[in-house]
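Lettering of chains follows the sequences in order, A, B, ..., and the numbering in each one begins at 1.
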Amino acid sequence: MAQKFDSPKTESELRLIQDTMFNISAASYEYRRSPSFKGLLEIISSDSVILTAIHNIKSNKGSQTPGSDKETMKEDILQRDFNLVLGRVKEAFSNYRPRPLRRVSINKPGKTEKRQLGIPSVIDRIIQECVRLVLDPILEPQFFQHSYGFRPMRDAHMALARVTDVVHKTGHHWIIEGDISKFFERVNHSILLRKLWGMGIHDRRVLMIIKTMLQAGVIGETGTNDLGAPQGGIISPLLANVYLNSFDQWVTREWENKKTQKVYRNRKKTVALRESSNLKPAYLIRYADDWVLITNSKRNAEKWKYRICKFLKGNLKLELSEEKTKITNIKRKTIRFLGFEYKVTKGRSRTGYITRTKPDRDRIATKVKEIHRDIKHLRAASSMEFLIHDINLVNNKIRGLINYYQAATWINISLSIFKERLKYASYKSLLKFGGKWTRANQVNNLISIHESYTEHIAAIEYKGLKVGVTSIGFSKWNKAMLKKPSETPYTPEGRQIYSNRTAKKPLKARADDTLSEHLSMLIATGINGRLYTFEYYLNRAYAFNRDKGKCRICRKEVHRYDLHFHHINKMLPSDLVNKVGNLATMHMKCHSMIHSKLDYSEFGTKIWKSILSFREKLN
DNA sequence: CATAGTATCAC
RNA sequence: AUUGUGAUACUAUG
Ligand SMILES: Nc1ncnc2c1ncn2[C@H]1C[C@H](O)[C@@H](COP(=O)(O)OP(=O)(O)OP(=O)(O)O)O1
């Protein structure tokens, strides 16, 4: 019954393993059994997993900042010898000893209390990502359907859509808002490891690695850490979901899951059954440590709150935050969930009530204040170019804000309060640059949004182009969609649904696939004894991908035995010379034609022209 | 049709 | 200076 896999040799083999793991795990879950995966460490520490891990996290913003040692992604991984780096990561896997975390305190929005981050060193981030790559497909299918935080292809809007859906379908209006106090800091290591085992991670070496990861101490402090998962660790969010999964299962076992099993029974029978049982209705929607539970009466809400409190304390050693955990009748008062205010009002619908959502008042107010400051700051721009850059920055902020709160039914009304104030401030700031009131559909920036508005906004004109400060009023409600459970990154169908939903966006699946093939192919071509940096390896693959595997001189397919990557300009400084833009795929023969001085016009004008143009760029 | 950079948000 | 997971939007380049 236990599952073992060969280590992946290529990235598409890794993907296949991930898909297979997901399938096995999902199948066991259907039959209410837990899967059993062994020999995971071999997969986790294989070349292609390490490569994928580095590829995944190398462009994180935080990769530029070191952990407790002084190492950064760029200097100590990407610009080092390829095999040296691989060897170093593999070495770290045997007898794993994480470096201490760097402690940084950041502000929590709207609170005086600070958030304590624990930042792992770069090498430990790579290790964590390797583990995550393999554990995620195993754990993902076992998670609760209506847990939305930290999970792929799910977001806060879907959680909100689920709340609306349940309220509308059931007509229930008593809600518990729950928040777990200091969630990550309170995660108990041995309970967590038991849960991982219970979910099918049956490789003790991997569990040991996770254990030592969690125990990593903090720089400047003595000893190891016996409680909590670091805020800043790459696997911490995944582990957090593992930890609370039993909570989800426990709550939903008694009502939500029972109910779905009876869905095929005839209606009368189901209703009768529910009334006669002493079960209390409960619909849970969870986002990380933030959850709501929907039920039908105040009494039941209180009962559930009491029972949940006891469960969390007894089984998970967690506490509910007293001030943030409230019981509310959403016909009378709003609840706050995921940055939205949520309530129902009388209206035309099956239940006689319709939902009303608004952006959280306090949060939107502080954001608008920030934007107001930025707009006033526009007048300090030192040149027209900088001004345009700053306007774009402001526009980005406004669009970003609207983008998130679009899911609120009352977005337009809520944001319009601030509209005039911001517009007037923009006009005043732009005045000294010749700013004028301009119809939105006549400016040249953000055309896709502005073309449908005739309202006046403040805009400047530069070289015949009109650049306007967008309005916070250019927003309209966009109904959030419910999550399709079959949409997952680990099945072909799931990926298809995802790419359909995200419209004409590039097909992520296929892109990754081709990239992966080429990555591993290139690795197979060997190293020739020369010093190649890690970055060069990745970038060769990207360049090959961009050129679609064709020679840039003769446009024919290149096979691995006569593949060469031409440095378009060899004289560039060392950190630029290996960038994708400076690499061109070609045959070795074609390459030698660039560097010789002979006339090759006999091969046809197209080829000759390409050769000449590459020769020009050499110096 | 691809990659890379900025921004917003949730936790 | 500020880490992480996830989502979204815009812009730029070949
Ligand atoms: N910026 C962040 N970086 C890393 N992890 C984060 C970040 N924000 C939130 N998290 C994770 C760690 C938190 O324990 C968890 C829940 O967040 P949150 O509820 O805001 O705070 P908290 O549970 O740590 O304290 P409390 O709820 O008592 O204020 O999500």
Task: Strand RNA chain C as a dot-bracket string - pairs counted if Watson-Crick or G-U with both distances under 3.5 Å, | where the partner lies in another strand - done: ...|||||||||||

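The side chain of A:Phe150 approaches C:U5 more closely than any other nucleotide in the set C:C10, C:U8, C:U5. Here C:U8 is the nucleotide among C:A7, C:U3, C:U8 with the atom lying nearest to any side-chain atom of A:Asn403.
Computed from coordinates, the A:Leu244 CG to B:dC11 P distance equals 15 Å when rounded to whole Å. Residue A:Met153 contributes atom CE, which lies 9 Å from atom P of C:U8 at whole-angstrom precision. The interatomic distance linking A:Met73 (CE) with C:G4 (P) rounds to 11 Å, in whole Å. Put simply, CG on A:Leu401 is 21 Å from P on C:A7, counting in whole angstrom units. If you measure from atom CG of A:Asn396 to atom P of B:dC9, you get 12 Å, rounded to the nearest angstrom. What separates CD1 of A:Ile388 from C1' of C:U11 is a distance of 14 Å, to the nearest Å. Between the P atom of C:A7 and the CD atom of A:Gln406 lies a distance of 18 Å, rounded to the nearest Å. In this entry the distance linking CZ of A:Arg103 with P of C:U3 reads 15 Å, nearest Å.
With no hydrogens or angles considered, no side-chain donor-acceptor pair links A:Asn245 and A:Lys195 at under 3.5 Å.
Using a 4.0 Å heavy-atom distance criterion, A:Arg125 is classed as a sugar-phosphate-only contact. Among the protein residues, A:Arg399 comes within range of no part of the nucleic acid, since none of its heavy atoms lies under 4.0 Å from any strand. Within the 4.0 angstrom heavy-atom criterion, base atoms lie near A:Leu117. A:Ile106 comes within contact range of at least one nucleobase, with a heavy-atom separation under 4.0 Å. Using a 4.0 Å heavy-atom criterion, one finds that A:Gly62 contacts the sugar-phosphate atoms exclusively. At a threshold of 4.0 angstrom between heavy atoms, the contacts of A:Asn392 with the nucleic acid are absent. Contacts of A:Thr65 with the nucleic acid, taken as non-hydrogen atoms under 4.0 Å apart, involve only primed sugar atoms and P, OP1 or OP2. Residue contacts for A:Asp289: at a heavy-atom cut-off of 4.0 Å it reaches the sugar-phosphate backbone alone, with no base atom in range.
Under the 4.0 Å criterion applied to side-chain N and carboxylate O atoms, A:Asp69 and A:Arg99 are assigned as salt-bridge partners. For the pair A:Asp362 and A:Arg336, the salt-bridge criterion is met [side-chain N within less than 4.0 Å of a carboxylate O].
Contact annotation: A:Asn395 side-chain N/O to B:dT6 OP1/OP2 distance is not under 4.0 Å. For the pair A:Lys367 and B:dC9, the criterion of a side-chain N or O lying under 4.0 Å from OP1 or OP2 is met. Applying the 4.0 Å criterion to OP1 and OP2 of C:G4, one finds that A:Asn60 has a side-chain N or O inside that range. A close approach under 4.0 Å does not occur between any side-chain nitrogen or oxygen of A:Tyr287 and OP1 or OP2 of B:dC9. Remark: A:Arg363 is in phosphate contact with B:dA10, judged by side-chain N or O atoms under 4.0 Å from OP1 or OP2.
With DNA chain B read from its 5' end, the first of the two nearest nucleotides for A:Tyr405 and A:Leu393 is the one closest to A:Leu393.
Between A:Phe183 and A:Tyr243, the ring-plane angle classifies as tilted under the 30° and 60° cut-offs.
A distance of 6.0 Å separates CG of A:Leu284 from CG of A:Leu293, quoted to the nearest 0.5 Å.
Checked against A:Glu487 for a side-chain hydrogen bond (donor to acceptor under 3.5 Å, both in side chains), the options A:Arg154, A:Arg495, A:Arg501 give a single hit: A:Arg501.
Every residue two or more places apart in sequence or in another chain that forms a salt bridge (charged side-chain N to carboxylate O under 4.0 Å, His left out) with A:Lys182 is listed here: A:Glu113.
Outside the 6.0 Å centre-distance limit, the rings of A:Tyr287 and A:Phe337 are not counted as a close aromatic pair.
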Table please: side-chain donor-acceptor pairs of residues 137-149 of chain A below 3.5 Å, with sequence neighbours left out.
unit_1: A:Glu140; atom_1: OE1; unit_2: A:Arg151; atom_2: NE; d: 3.4
unit_1: A:Glu140; atom_1: OE2; unit_2: A:Arg151; atom_2: NE; d: 3.1
unit_1: A:Glu140; atom_1: OE2; unit_2: A:Arg151; atom_2: NH2; d: 2.7
unit_1: A:Gln142; atom_1: NE2; unit_2: A:Ser25; atom_2: OG; d: 3.1
unit_1: A:Gln142; atom_1: NE2; unit_2: A:Ile138; atom_2: O; d: 3.1
unit_1: A:Gln142; atom_1: NE2; unit_2: A:Met199; atom_2: O; d: 2.8
unit_1: A:His146; atom_1: ND1; unit_2: A:Tyr148; atom_2: OH; d: 2.7
unit_1: A:His146; atom_1: ND1; unit_2: A:Arg162; atom_2: NE; d: 3.4
unit_1: A:His146; atom_1: NE2; unit_2: A:Arg162; atom_2: NE; d: 3.3
unit_1: A:Ser147; atom_1: OG; unit_2: A:Arg286; atom_2: NH2; d: 3.4

